Structure formats: C-alpha cells, structure tokens
K.L.:
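Before I ask anything, here is the structure I am working with.
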Amino acid sequence: MTTVQKFRGEGRHERGAERRARAEEGPERGEVILEVRDLRTYLFTKRALVKAVDGVSFYLRRGETLGIVGESGSGKSITALSLLRMEPKPAGRIVGGEVLFRGEDLLEKSPGEMRRIRGRRISMILQDPQTSLNPVFTIGNQLREAFATARRVERSRWPAAVVDALRKVNIADPERRVSTYPHQLSGGMKQRVVGAIAISGAPDIVIADEPTTSLDLTIQAQYLRLIKELQRTTSVGIIFITHDFGIVAKMCDRVAVMYAGRIVEHGPVRDLFNNPSHPYTKALLDSVPRLEERTERLYSIPGHPPRAGEELVGCRFAPRCAFADERCRREYPPVFAGLSGRDEHTADCWRLEDPTWRPTPR
Amino acid sequence: MAANASLTVEHLKRYFPVTVRRGLKTTKAVVKAVDDVSFAVGTGETLALVGESGCGKTTTAKLILALDRPTSGVIRLGDLDVQSVRGEDYRRYREQVQAVFQDPWSSLNPRMRVREIVSEPLVVNRRRPARETRARVAEVLDAVGLDPSHGDRFPHEFSGGQRQRIALASALASDPKLIILDEPVSSLDVSIRAQTMNLFRDLQGQLGVSYLLIVHDLAVARYMSDQVAVMYLGKIVEHASTEALFSEPLHPYTRALFAAALPSHPDIEREEIVLEGEVPSPIDPPSGCPFHPRCPLKIGAICETVVPQLLVGQGAGHPVACHLYPPEAGEGDSAEA
C-alpha cells in the first residue's frame, strides 16, 4: 500500500448519489450516459420481503467499462435487470430510485418506450448462450430480427448486415453460418452470436452478466479480447456483472463491489486492487488463489453471506467482519470518499472515520 | 513417488465407438476419449488434471471410479487392480475410491437425510452394526466442520459450501485412499471457496488421503496440488511437479492456458498467446500432434505427421509431448513422471 492517502473530510457524510454525481466532474473520460441513483428493488415473496437491491448508486461514462462484482445473492444481477426494467416478475418491484439514461429516468418510461430502448440503446449479454438463442430459428434469422428491432439498417441491406455482424465477432465463414441453427455451433461461437445481436443496434450501453462463465479458458480469452476490440471501435459503455476479480482486473476501468444489496466499495480498478478499503473487498482479494505465486494459506472469510429475507440491521458484513464493533452491527455506515486521494474511490465502513485506517489481516 | 503410490494409472485407454451420419452414408468411427494416459498419485498427495472440456479428464475419473471399463490399460489402487477385482475385492475397491463432484445441488439426494447420505458408502458395501455407522457419521461430520446434530436435516437446509462439506463427509466415511475432486469449488461463491479449499488441504494433512483434482482453474491447481498433468484431446501433453510447471510451462498449449488465465491484478501483463479456433472434434482428430492446427509455435511438417511422445526432451526439465523438445539421441521411450 504505497499510494499516498488523502482524506477529504467534506465528502464524508454525503449520500452516495450526490457524492458519486460530484465525482463525475473529475477527469474527462467521456460524458456520463447512465446514472443510477439510490436504486431499490425488493422481492415480495410469500415468505419474506427480500431487499435484493437496497440503495445502489453508480454511473457509467461512454466507452468505459464498469465492473459490478459480488457473490450470489449480492443483488448484482437484479441491479442489471432493473436497469432495463426486467426485474423478475411478479415478486420483484422497483420501489425507489432513478435510472437516468442520458438524463431521462427509465423508471418513468411506459412499457412501449422501454421496448424501444431495450436492444437498441441498451442491450444485454446473458450468462448462458444456450438459453439466449432460440433453438428453432437459424442464427441469420435471429440476427435479422435484431436488425428489424433496431431499425438502424434498411430492410434491403439486412442480409449484408447480418454477414457483416458475424464477421465483426470473428465468426469464420459467415456466409455459410447464417443458415445454421444454434445447436450446430459451439458454446464460444453461440456466445459470439449473442454478442453480435447485442451490438447490432449500435447501443450506447451493453450489460454483460457473467458472459464467459460457461466458456472454456482459451475461449473465454478470445471472447474477452473480442469485447475489448468491439468497445474500441464503437465506444460502447459496458457494465460487466461478475463474481470474478480476474475479469475485473482484465476488463474494467472502474469497479463497484456489492454485498447484500449494497455497493460497499467503489473506485478506479487500480485503486481498489492497490488500496482496498472495505474489509469485505480486502477479504475477497485475499481469499482468491494466485496463479503467479505460491500462496501458503488463503484467508478464509468466516460464515456465509446473509440469506434472502434475513433482517438486516447495520453494516451487512459486520457478522463476518474481523473489525466490526457494536456500532457496525447497529447502524449502516456513511459513504467515505476521497480514498486513494480520489473522490471516485469510496467505501462504506465506519472504520474509515480514521482516514489512515485500512483493513489488514491480523 | 511410485514407491508409495496410492494410485497408479498405466497406458490407460478408453475408446468409444460412434457412428457418423453424413447424408445417407454412415461410417463407423472411434472417439479416443482417453488415449494412453499414465500417471501415479502418491499417498497423501494431490495430482491435478488440467484441461478444457472434452480433453478426457472426466472420462479418466470415471474409469478410476470403476463407473466405466477401460478399453485397455492398468488402474491400480494399492494392491487392487480395477480390471480384475471381483466380489469382496471389488467392494473394497469401491470403498477406497470416493468422489466429490462439482455441483452439490445435484450430487446430494434431496430426499435423503444428511445422515443417510453420509453413511451411504458404509452401508452399500457391507453390513455393519448400526451403532458403528452412527458413530462414524458423527465423526466425519465433525471432521468437515459440521455439527453432528445436522445429520437429521435434509440437503436443502444447507448453503452451497455446507453441502460441499456434506459431500466430502460422505466421501470420507469409508476411510478411502483416494478421493476424486471433480471441480470441487467452481460452483461455490468466492468467499466460500477459500474455506472449502483450506478444509480439503487440512483433512489431507490429517488423514493422508490422496486427491485426484480435476480442475480448469490454474490458480486452484497451484494452491491445491503437488503435481499437475495437462490434458488435451485425450492425451497428457505436459506433466510436472506443481512448482516446476508454474515456474516454467513448456508445452505451447500449457503456455496458452497460462496466457488465457485471468490476472490477479490489473497491472499483470501476460504473454500474448491467443489460440485460433477451438478444440477439434475428437471424432476426427488432427494427424500428428493433436495441437498442431492451433499451435502458434508449430515448427513444420513434423508436427503434422508425427505424434510427439510425452518425455523429457532436450531443453525440458520435465515430461512434455512436443517436437520443440526433441528426444536425446538414442532415447525413444516415453518417460513417466
């Protein structure tokens, strides 16, 4: 931890959205195209009220990649779905917050207006390409449908556009592939077709929810490289939902760490790896084995994440945290900004009242 | 290593006959899922089999578990040879090889209580006094960090990490020599993985059980294993101690796997090797070296015509099947680790 640490006292007790909004005025790396403020999505199930997303705020700039990391049940996927108003129905309901896409609140759009945004302005790549593609239509057919929805290309040019789209995602022999069915393609190729569909409407944002978990290692490397290439040529903003810090390290500019429905730490990717400030982030980084060096013993986080529907008071991580005290268990901490000397680097932890404090293994 | 070997596998082959239909013409073909694989796992040691889907690592595991019969080759566990065991010896063999699978949601029977699941390997193989079985179940549940009172519950009452502990308790119940761990942590959450891996290692230290770890994550292989064998299209292409392999991967495929692995820090730059294409179909494998169509370091015609043997060649510190490391003059036999 060699970074000079600066603590900005005036940023201490702001609410997340205001603080993160202020951080936008920082380095100019492209306009902010998406801003999420205090998003709350609850699941109303028979057994319990699950606060799956409980006050999440972040933003995305054009051409940038934001990683949202979390374990299962952290709310990362529900967050992604909520952005497109696709929260699981009927249990899921967005109960508060704003999703500002180029200044307009998506939560106030009508279903018809949302349909025109999905796939055209914001599109999605899901985990399993097998279930994303329709098994009874050829991939050419499914790409043509995407162009029909996007309405960016004239009908007469669709056949050429389809071949072009397949070529862009490095599918060999695209003229022949348009007439194949999904089952004739390998997992890696299917996911590339899904990618081609996702960018067919030239969207501003692509949300990728664990797009490579079903792929083999070398195929994953090909796919990640393809995403980077496409981003360079189209300056699309990407939100990467993942549980894997390796993906974050390789792909993302900024990262938000989620735990039990909240973003507990957020910042530029290097700051987060060099200067993890929330005990959860630190513990996660310490519990991942490394390829590059021999690890004597991994840190293992005691306990397990809170179960769905568990009553949550105070800091969600407190029961598993080595640094928690009475107040942590009672009261949720405010957002502390200015970690690593940058407004953008924030964490929600009471210990950060002491600006020099950092979680270190005992 | 071979002296105190718990498991020895020699020239193991498993070929599946298949019929290929092209239009009206059908032809018979053979898929060489496992093609002349040899390795040994010492007592209290872990061997990691690393490779992508379709490389034959799961078929190898099935053969060792006696769930499938090899086409040819030898699998020996202690004094038992899986090809020839019958009757009482077969039961002993089954008790001594156990497995923990990837997905503890589908590997535990939802209608059985934890106590029944854990005692299964004890009761299916021989009759025992109920009291003895009960005591053993309590013992292994305790060993994996679960409360013996949990025995009366059903699997759905547990989280993923706890379920994997139940699966491990069940595997340990019959006091096996070898446990096959088939992707044991890849379905678990990040914060649970470390707990589970540490538990596997601790129990190995205490009990001296051997593990055959089937895994695609190289970092997990490094943390858990003593030796690593890299498989590609049914063959071992490189085999070394974990330290040797991670300090100097030799085979172009191994190096491509390393290059493809995700970094643990954004500043880590890896060697740029992006493989073209995908793993070829095992029905119609490439001639010569099975890796040559994707190999970025192909040296010429020899790669397309001659199958490289797994041996310690020139410039190599451990066995690798690649023409870049040709055998020393006068040496032609394949060398085993």
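Residue numbers start from 1 in every chain, and the chains themselves are labelled A, B, ... in the order their sequence lines are given, proteins ahead of strands. Computed from a prediction, not measured in an experiment: that's the story for all the values here. Note: hydrogens, waters and symmetry copies are ignored here, and every other heavy atom, side chains too, is used.
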K.L.:
Which region of B/R193, side chain (C-beta onward) or backbone (N, CA, C, O), has a non-hydrogen atom less than 4.5 Å from a non-hydrogen atom of chain A, or is it both or neither?
P.N.:
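Answer is side chain: those atoms of B/R193 sit under 4.5 Å from chain A.
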
K.L.:
Where on A/L285 is there a heavy atom nearer than 4.5 Å to chain B: the side chain, the backbone, both, or neither?
P.N.:
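Neither the backbone nor the side chain of A/L285 comes within 4.5 Å of chain B.
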
K.L.:
Chain B heavy atoms under 4.5 Å from A/E292: which part of the residue, side chain, backbone, both or neither?
P.N.:
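Both parts, backbone and side chain.
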
K.L.:
Could you check whether any side-chain N or O of B/E238 sits under 3.5 Å from a backbone N or O of B/L250, counting only pairs where one atom can act as donor and the other as acceptor?
P.N.:
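Between the backbone of B/L250 and the side chain of B/E238 there is a qualifying donor-acceptor contact (under 3.5 Å).
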
K.L.:
Heavy-atom pairs under 4.5 Å with chain A are the metric here; pick the option from B/I273, B/D217, B/V279, B/L257 that has the most.
P.N.:
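Max contact count across the listed options: B/L257.
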
K.L.:
Taking the six-membered ring for Trp, is the centroid-to-centroid distance between B/H251 and B/F291 below 6.0 Å?
P.N.:
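Centroid distance B/H251-B/F291: below 6.0 Å, so yes.
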
K.L.:
Which residue in the set A/H304, A/R320, A/H243 passes side-chain hydrogen bond (donor to acceptor under 3.5 Å, both in side chains) when paired with B/S191?
P.N.:
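Of all the options given, the one that passes is A/R320.
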
K.L.:
How about B/F158 and B/H150: are their ring centres within less than 6.0 Å of each other?
P.N.:
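Under 6.0 Å, so yes.
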
K.L.:
Which answer fits A/D244, side chain, backbone, both or neither, if we ask what part of it has an atom under 4.5 Å from a heavy atom of chain B?
P.N.:
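Contact with chain B involves the side chain of A/D244 alone.
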
K.L.:
Let's test your reading of the structure: which of B/Q162, B/E243, B/M224, B/H216 forms the most heavy-atom pairs below 4.5 Å with chain A?
P.N.:
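Option with the top pair count is B/E243.
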
K.L.:
Give a yes-or-no answer on whether the side chains of A/E265 and A/H345 include a donor-acceptor pair shorter than 3.5 Å.
P.N.:
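A/H345 and A/E265 do have a side-chain donor-acceptor pair below 3.5 Å.
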
K.L.:
What part of A/M251 gets closer than 4.5 Å to chain B, counting heavy atoms only: side chain, backbone, both or neither?
P.N.:
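Neither the backbone nor the side chain of A/M251 comes within 4.5 Å of chain B.
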
K.L.:
Specify whether B/H156 and B/F154 have parallel, tilted or perpendicular ring planes, treating 30° as the upper limit for parallel and 60° as the lower limit for perpendicular.
P.N.:
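Geometry flag for B/F154 against B/H156: parallel rings.
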
K.L.:
Report yes or no: do B/R165 and B/T196 form a side-chain donor-acceptor pair below 3.5 Å?
P.N.:
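B/R165 vs B/T196: no donor-acceptor pair found between side chains.
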
K.L.:
Could you tell me which of B/S186, B/A219, B/G161 has the largest number of non-hydrogen atom pairs under 4.5 Å with chain A?
P.N.:
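Ranked by contacts with chain A, first place is B/A219.
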
K.L.:
Heavy-atom pairs under 4.5 Å with chain A - which of B/I192, B/D267, B/L275, B/V220 has more of them than the others?
P.N.:
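Highest number of pairs under 4.5 Å: B/D267.
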
K.L.:
Is A/V288 in contact with chain B via its backbone, its side chain, both, or neither, using a 4.5 Å heavy-atom distance?
P.N.:
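When you check distances to chain B, only side chain atoms of A/V288 fall under 4.5 Å.
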
K.L.:
Measure A/R225 against the heavy atoms of chain B and call it side chain, backbone, both or neither at under 4.5 Å.
P.N.:
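The answer is the side chain of A/R225.
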
K.L.:
Who wins among A/V269, A/N170, A/T218 for the most heavy-atom pairs under 4.5 Å with chain B?
P.N.:
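Among A/V269, A/N170, A/T218, the one with the most close pairs to chain B is A/T218.
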
K.L.:
Do you know which of A/R297, A/E296, A/K250, A/R294 has the most heavy-atom pairs with chain B at a distance under 4.5 angstrom?
P.N.:
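Option with the top pair count is A/R297.
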
K.L.:
Of A/L272, A/I263, A/V248, which is the lone residue that meets side-chain contact (heavy atoms from CB on, under 4.5 Å) with A/V257?
P.N.:
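Result: among A/L272, A/I263, A/V248, A/L272 is the only option passing the side-chain contact (heavy atoms from CB on, under 4.5 Å) with A/V257.
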
K.L.:
Using non-hydrogen atoms and a 4.5 Å limit, figure out which bit of A/R307 sits close to chain B: side chain, backbone, both or neither.
P.N.:
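Answer is side chain: those atoms of A/R307 sit under 4.5 Å from chain B.
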
K.L.:
Quick one: do the B/S225 and B/T242 side chains pair a donor with an acceptor below 3.5 Å?
P.N.:
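Looking only at side-chain atoms, B/T242 and B/S225 do form a donor-acceptor pair, the distance falling under 3.5 Å.
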
